[in-house]
Amino acid sequence: MILDEAARLIKDHVFLFMEKKTEVIAMSKKQFHVAVAGATGAVGNQMIACLEERNFPVKSIKFLASFRSAGKKLSFRGEPVVVEEMTETSFNGMDIALFSAGGSTSEKFAPVAAGSGCVVIDNSSAWRMDPRVPLVVPEVNSHAIAGYTQKGIIANPNCSTIQMVVALSPIHRKFGIKRIVVSTYQAVSGTGQKAIVELDAQVRAIMNSQPVENKVYPHRIAFNCLPHIDVFLDNGYTKEEMKMVHETRKILEDDTIGVTATTVRVPVFYSHSESINIETRLPITPEAVRDLLGSAPGVKVVDDLKTNTYPMPIDAAGQDLTYVGRIRKDESLPNAINLWVVADNIRKGAATNAVQIAEILAETYL
Ligand code: A2P
């Protein structure tokens, strides 16, 4: 009896001690009021999932979208959250806002959020080339996050640029990249939820001999390829192609790199693929690239010709790594390499990258 009582007392004390310890840990870990702007969209939805999966220290969460979605219910960590219309006062009391609600919405609301003391991580192209706004891929230039204080905004790069610089930055650091020639094969999810629905509807219509409707793209995307992403510019390139040029130089902090791009929309739901040719200043070999990328952060080399193993969108979808394969010498030039690079455009190309930035911001700067 006495022994039982003693055991119970010891057990109670151990539990009390453990509870107190958990309390201390919880109190010492900072937590943040987080808003997701564009929560009902393809990227916004994934941002919510990434915050959950990565156990971001959320004190409170707010989901914002247009008036069309106000009142709709989404969930966070198993609890329902009502979507609110984004207004000028939405960001009062918030610490961090993850934006993916289109360029014009970001132009209008990101400064409003920043003005109320809420740091914005913006997925649109609105602020990327502003010299007072850091453009960040954590594996490449996380130090740039420190510059968030200038405008209270950090820009998330274009999806095609992110996966390209994750793969190329270790090569640039060691061999010095002189020129990049890239052609992309981009999934429809990069255009947003409406484009996912359009590809699905067109495939079904064609398989059932029904008339096909094009609403999102100027031409049919099902069983087709469109060498046209974003608007055409005066120089004959698309805006997407020029984003890859300018953003790559800003992130790699080297304006001398020559970049030329052809961006193509393909009938794939998730994950962008890129055929990349690089010319380097120093002599380079495929073996050296394989070695270097074998230990590069955020990269997985998938390159075994004997077993027909190379990166493919169906394997990259749902993952956070950037997959690199088909590493080979460009036999037409002395110091040149060809690579095939694939990553999930909604995850590493958008939501995961934004949440990784938020993690560094939260841990180091806030
Ligand atoms: P909504 O669903 O209410 O239109 P996607 O890129 O997948 O199309 O998603 C775009 C996201 O941006 C959606 O969440 C959308 O909300 C939101 N959005 C679009 N326009 C606005 C706006 N003017 N104000 C707030 N959110 C907007």
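Note that ligands are numbered from 1 as they come in the structure, with each ligand's atoms numbered from 1 the same way. Not measured: the values here are computed from a predicted model.
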Side-chain touch L282/K174, heavy atoms, less than 4.5 angstrom: no

If you scan protein heavy atoms around atom 4 (O) of ligand 1, the nearest is R68 NH2, 3.0 Å

**Prompt:** Would you say the side chain of L51 lies within less than 4.5 Å of the side chain of F76, judging by non-hydrogen atoms?
**Reply:** yes

Task: N or O contact, G41 vs ligand 1, cut-off under 3.5 Å - done: yes

>> So that I can tick it off, tell me whether K72 and E84 are bridged by a salt bridge, with the cut-off set at under 4.0 angstrom between side-chain N and carboxylate O.
In response: no

Closest to atom 24 (N) of ligand 1 among protein heavy atoms sits T105 CG2, 3.7 Å

Next on the checklist: When you compare the side chain of R347 with that of Q46, does any pair of heavy atoms fall below 4.5 Å?
Outcome noted: yes

Polar-atom distance check: F109 versus ligand 1, any N or O pair below 3.5 Å? no

Backbone N/O of Y310 and side chain of D304: donor-acceptor pair under 3.5 Å: no

So the atoms of ligand 1 within less than 4.0 Å of a heavy atom of S69 turn out to be 1 (P), 2 (O), 3 (O)

* To do: Anything under 30° is parallel, anything over 60° is perpendicular, the rest tilted; go ahead and classify F109 against F91.
  => tilted

Checklist entry - Should R54 and E359 count as an ion pair when the cut-off is N to O under 4.0 Å? => result yes

Filtering G102, S124, A101, S90 for the heavy atom nearest atom 19 (C) of ligand 1 leaves A101

*Look at D303 together with R290 and state whether they make a salt bridge at an N to O cut-off of under 4.0 Å.*
yes

Polar-atom distance check: M86 versus ligand 1, any N or O pair below 3.5 Å? no

Can you find an N or O of S66 that's nearer than 3.5 Å to an N or O of ligand 1? yes

> For the residue pair W127 and F99, is the inter-centroid distance of their aromatic rings smaller than 6.0 Å?
Replying inline: no

among protein heavy atoms, the one nearest atom 2 (O) of ligand 1 is T40 OG1, 2.6 Å

Exercise for the section: Using distance alone, determine whether T191 and ligand 1 share an N or O pair under 3.5 Å. Expected result: no

So for S100 against ligand 1, with non-hydrogen atoms under 4.0 Å, the contacting part is backbone

Of all protein heavy atoms, the one nearest atom 8 (O) of ligand 1 is Q193 N, 4.0 Å

Here the atoms of ligand 1 under 4.0 Å from any heavy atom belonging to A42 are 7 (O)

Nearest non-hydrogen protein atom to atom 6 (O) of ligand 1, with distance, is G192 CA, 3.8 Å

